[in-house]
Amino acid sequence: MTDLPEPRLLDRFGRVGRDLRVSVTDRCNLRCTYCMPAEGLDWLPKPEMLTDDELVRLVRVMVGLGVTNVRLTGGEPLLRRSLAEVVGRIAALTPRPRIAMTTNGVGLDRLAAPLAAAGLDRVNISLDTVDPQQFRELTRRDRFEDVEAGLKAAADAGLTPVKVNAVAMRDVNDTGVAELLQWCLDRGYELRFIEQMPLDAQHAWDRSRMVSQAEILERLGERFRLTPVQDRGSAPAERFLVDGGPQTVGVIASVSAPFCAACDRVRLTADGQLRNCLFARSEVDLRGPMRDGASDDELADLVVGEMWAKKVGHGIDNPDFEQPDRPMSAIGG
Ligand code: SAM
Ligand code: SF4
């Protein structure tokens, strides 16, 4: 087995960066209301996006700094045509990182098998409701059946455990959380709810309307017996055995119970900007120096410096909190 590189992605609070989230595109084929407006966003012009060579090079530099997990996300990662090739090239790095993807699942019915063959290990598929009509309202697209097929294909391709990410929204899908859990249990998918965060492009997030972890657990508790699982580590989801297990449900309480103290994440945007936090107000440009001829060591120094500057927490509850300028879809969720 190859020795792991000395971890160098350290911050002032003793955390170690291990988990790299790479946004491979900012484009998307859905329009989830908590994420982007109906008309979409001003997508990045192609010349500003990292090429495959640039993207893989930056991942390699970061694997050399101690990154052990790479998650491909977006926007909708399946929209990047060269995705399987990128996965294959990341899987060929030494030491090989674990490779996961967060996707809305549209098109995964065709792509799950080739991606698994290229080296993808796991997927998280976002699905907020199993009511096709509600799905259409929430995502502004009539694609529920595609996502359903994508989930099945992911399981068939061995991209397991297949995890489902859901955002509960007040007066939209909040009364359907138990039904969603039952649907996932019946199919062997691991469901995790994520509290809605102030990362929408429209800046319409309202804390007082957010469906909190406590509320989700209360609703689930009306139908299921939930027992906390104790092995959380740096995982953001608090997990619960459902009716004694072995199946579980998780809740990521990013707002009401932030897990910043255990955060091991760092993010690379599709245009080559490194962010030490989803909520960071600044980012460091890696694309510019790379295109100007920076060496791997020089790029590594920029990454190390940005990690050192990571703040203790996201500060959503601070009176001076300001939502980042980029929405989640452009940062890479
Ligand atoms: N398009 C892919 C998808 O939807 O899975 C990947 C990108 S998406 C930005 C990643 C995750 O962020 C999804 O699970 C989505 O539900 C979640 N998300 C988007 N906006 C959010 C928000 N304002 N609060 C919490 N989660 C959000
Ligand atoms: Fe697209 Fe994902 Fe945002 Fe929904 S959450 S609009 S699928 S990027």
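Whatever order the structure lists them in is the order used to number ligands and atoms, beginning at 1. The structure displayed is predicted, hence computed values, not measured ones.
Here the protein heavy atom with the shortest distance to atom 20 (N) of ligand 1 is Y34 CD1, 3.4 Å. Looking from atom 8 (S) of ligand 1 to the surrounding protein, the closest heavy atom is G74 O, 4.4 Å. What sits closest to atom 9 (C) of ligand 1 on the protein, heavy atoms only, is M328 CG, 3.3 Å.
Using a cutoff of 4.0 Å between basic side-chain nitrogens and carboxylate oxygens, E283 and R267 are not scored as salt-bridged. Note on R136 versus D142: salt bridge recorded, some NZ/NE/NH1/NH2 to OD/OE distance being below 4.0 Å. Look at R209 and D174 and you find no salt bridge, because none of the NZ, NE, NH1 or NH2 atoms lies under 4.0 Å from a carboxylate O. A salt bridge is absent between R275 and E306; no separation between the charged side-chain nitrogens and carboxylate oxygens falls under 4.0 Å. The pair K152-D156 counts as a salt bridge, with a side-chain nitrogen and a carboxylate oxygen less than 4.0 angstrom apart.
Near V167, meaning under 4.0 Å from any of its heavy atoms, are these atoms of ligand 1: 16 (O), 26 (N). Atoms of ligand 1 found under 4.0 Å from any heavy atom of E76 (numbered from 1 in listed order, with element): 1 (N), 2 (C). Per-residue contacts place T103 under 4.0 angstrom from the following atoms of ligand 1 (heavy atoms of the residue considered): 2 (C), 3 (C), 5 (O). Taking every non-hydrogen atom of T73 and a distance limit under 4.0 Å, the qualifying atoms of ligand 1 come out as 6 (C), 7 (C). Every atom of ligand 1 with a heavy atom of N104 under 4.0 Å away is listed here by number and element: 2 (C), 3 (C), 5 (O).
Among the atoms of S126, some N or O lies under 3.5 angstrom from an N or O of ligand 1.
Both tests pass for R187 against the ring of W183: distance under 6.0 Å to the centre and angle within 45° of the axis.
Ligand 1 is approached by G75 to a heavy-atom distance shorter than 4.0 Å.
Heavy-atom proximity to atom 25 (C) of ligand 1, evaluated over M197, R27, Q202, M210, is greatest for M197.
For atom 4 (Fe) of ligand 2, the tally of protein N/O/S atoms lying closer than 2.8 Å stands at 1.
Atom CG of L220 sits about 11.0 Å away from atom CD of E215, to the nearest 0.5 Å. One finds the CZ atom of R18 at 13.0 Å from the CG atom of L20 (value rounded to the nearest 0.5 Å).
Residues E195 and S212 are in side-chain contact: their nearest non-hydrogen atoms beyond the backbone lie under 4.5 Å apart.
Residue contacts with ligand 1 for N165 involve side-chain atoms from C-beta outward but no N, CA, C or O (heavy atoms, distance under 4.0 Å).
Residues that satisfy the side chain to side chain donor-acceptor pair (under 3.5 Å) test with T129, not counting sequence neighbours, are Q134.
Between K311 and F13, the shortest heavy-atom distance links the atoms C-CE1, 3.9 Å.
Two different hydrophobic clusters hold Y34 and L41 under the rule that ILVMFWY side chains link at heavy-atom gaps under 4.5 Å.
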